[in-house]
Amino acid sequence: MWFKRLTGILPVCRSKKKGCRGPVGAAREGVMVRDKGFYWDLFVATLQLSAFTVGGGFVIVPLMRRKFIREKQWLDEDEMLDLTAIAQSAPGSIAINASILLGYRLAGFRGVLVTIFGTVLPPLFILSLVSMFYAAFKSNEYVVLAMKGMQAGVAAIIFDVVITMGKNVLSRKRVMPWIILTGSFAAVFFFDVNVFVVIMVCGAVGVADTLYGERLRKIRLGKMQAFRRRREEERKREEDA
């Protein structure tokens, strides 16, 4: 339960595609029934992403966005942002962390096992193969040039991720995301602050901002309810008069 409260990511599948069907009975509300086709589809999707993602890290984010939001419709934009933030903040590879969160979001702990296996299998096989010929690869001029070309492509993809996903956050016209964005950039780029410290501070600011916003929402809701009660009492008095 602590994991659900912390992340807000619940194992519910929204897709209308094969494998995702409605809840079975009122007692299991929100728990979706999944067949073998769904688990196979989930495994193949993560396997393809892991096998054809060159560069790692944030390079996998736009591919996940295209696969799981546009094609599969398993997530929405806000869930993808939350998933990316948690995966990057947690220790370890962002691809593995994201696969764990995605699998749990769609199919609980069974989904976690499926997505982890699909994510780990391609690099395990490819790196085992490359390690056998590493001595020949590292001194090959064409391989070195190919790696440099890939580096340029990876930089472009990461830039696209920042623009695409950042636009969804900044378009809400709130001051706090701009403050966090500029403050984090200045701390890392100009003052060489450790990234871990920046992430922890930003997380604390986000929690405080959320709690403050929730408190304001409750206050406003209470005022609206009190105003409606007064109007209703006034209306009743006028009717009695």
Side-chain angles (χ1 to χ4, degrees), residues 1-17 19-34 61 64-65 68-90 98 100-109 111 161-185 198-241:
M1 295 299 296
W2 67 268
F3 183 78
K4 296 178 183 180
R5 291 196 297 267
L6 177 63
T7 63
I9 299 176
L10 302 178
V12 177
C13 181
R14 297 180 176 179
S15 176
K16 297 181 180 179
K17 296 180 180 293
C20 295
R21 298 193 293 271
V24 180
R28 298 185 62 191
E29 182 179 359
V31 178
M32 313 302 289
V33 178
R34 300 162 189 84
V61 174
M64 292 176 62
R65 184 172 177 270
F68 300 131
I69 296 179
R70 297 180 183 177
E71 295 182 14
K72 302 296 184 181
Q73 298 180 357
W74 286 342
L75 302 172
D76 57 34
E77 292 287 350
D78 289 338
E79 288 175 326
M80 189 66 204
L81 283 171
D82 293 340
L83 186 148
T84 304
I86 297 172
Q88 176 62 17
S89 302
I100 293 174
L101 294 172
L102 175 70
Y104 186 80
R105 171 66 179 84
L106 298 177
F109 287 103
V161 172
V162 173
I163 296 299
T164 302
M165 302 191 71
K167 182 169 58 177
N168 296 328
V169 176
L170 300 178
S171 62
R172 298 173 184 176
K173 298 180 180 180
R174 296 185 66 244
V175 178
M176 185 57 66
W178 286 97
I179 295 176
I180 293 177
L181 176 65
T182 55
S184 300
F185 177 80
V198 174
I199 291 175
M200 292 297 101
V201 172
C202 290
V205 172
V207 170
D209 182 57
T210 301
L211 294 176
Y212 179 71
E214 185 67 18
R215 182 180 178 183
L216 288 180
R217 188 188 68 82
K218 291 181 179 179
I219 293 175
R220 292 170 183 170
L221 182 61
K223 290 181 178 180
M224 291 179 60
Q225 291 175 346
F227 176 76
R228 290 175 181 174
R229 285 195 298 268
R230 288 196 301 268
R231 290 292 300 272
E232 186 67 19
E233 292 174 357
E234 292 175 359
R235 186 181 65 82
K236 289 181 179 180
R237 284 197 298 267
E238 291 176 357
E239 291 178 353
D240 293 338

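All values reported here derive from a predicted model rather than from experimental measurement. Position 1 is the first residue of the sequence; numbering continues from there.
- Note on Arg217 versus Glu214: salt bridge recorded, some NZ/NE/NH1/NH2 to OD/OE distance being below 4.0 Å.
- The environment of CZ in Arg235 is crowded: more than 12 heavy-atom neighbours from other residues, nucleotides or ligands sit within 6.0 Å.
- No side-chain heavy atom of Thr84 sits less than 4.5 Å from a side-chain heavy atom of Arg65.
- Note that CG of Leu106 is 10.5 Å distant from CG of Leu101, once rounded to the nearest 0.5 Å.
- Shown here for Cys202 and Ser184, the closest heavy-atom pair between the two residues is SG-OG, 3.1 Å.
- The shortest side-chain heavy-atom distance between Leu102 and Leu75 falls under the 4.5 Å cut-off.
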**Study point:** Worked check of side-chain contact (heavy atoms from CB on, under 4.5 Å) between Lys236 and Glu233
**Key:** CA-CA 5 Å; Lys236 289 181 179 180; Glu233 292 174 357; 5.8 Å; no
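- Listed for the Gln225 side chain is no donor-acceptor partner under 3.5 Å among the backbone atoms of Gly222.
- Side-chain contact between Arg228 and Glu232 is absent, with no heavy atoms from C-beta onward closer than 4.5 Å.
- Between Lys223 and Arg220 there is no side-chain heavy-atom pair separated by less than 4.5 Å.
- Ring geometry, Tyr104 versus Phe109: the interplanar angle exceeds 60°, so the pair is classed perpendicular (tilted spans 30 to 60°).
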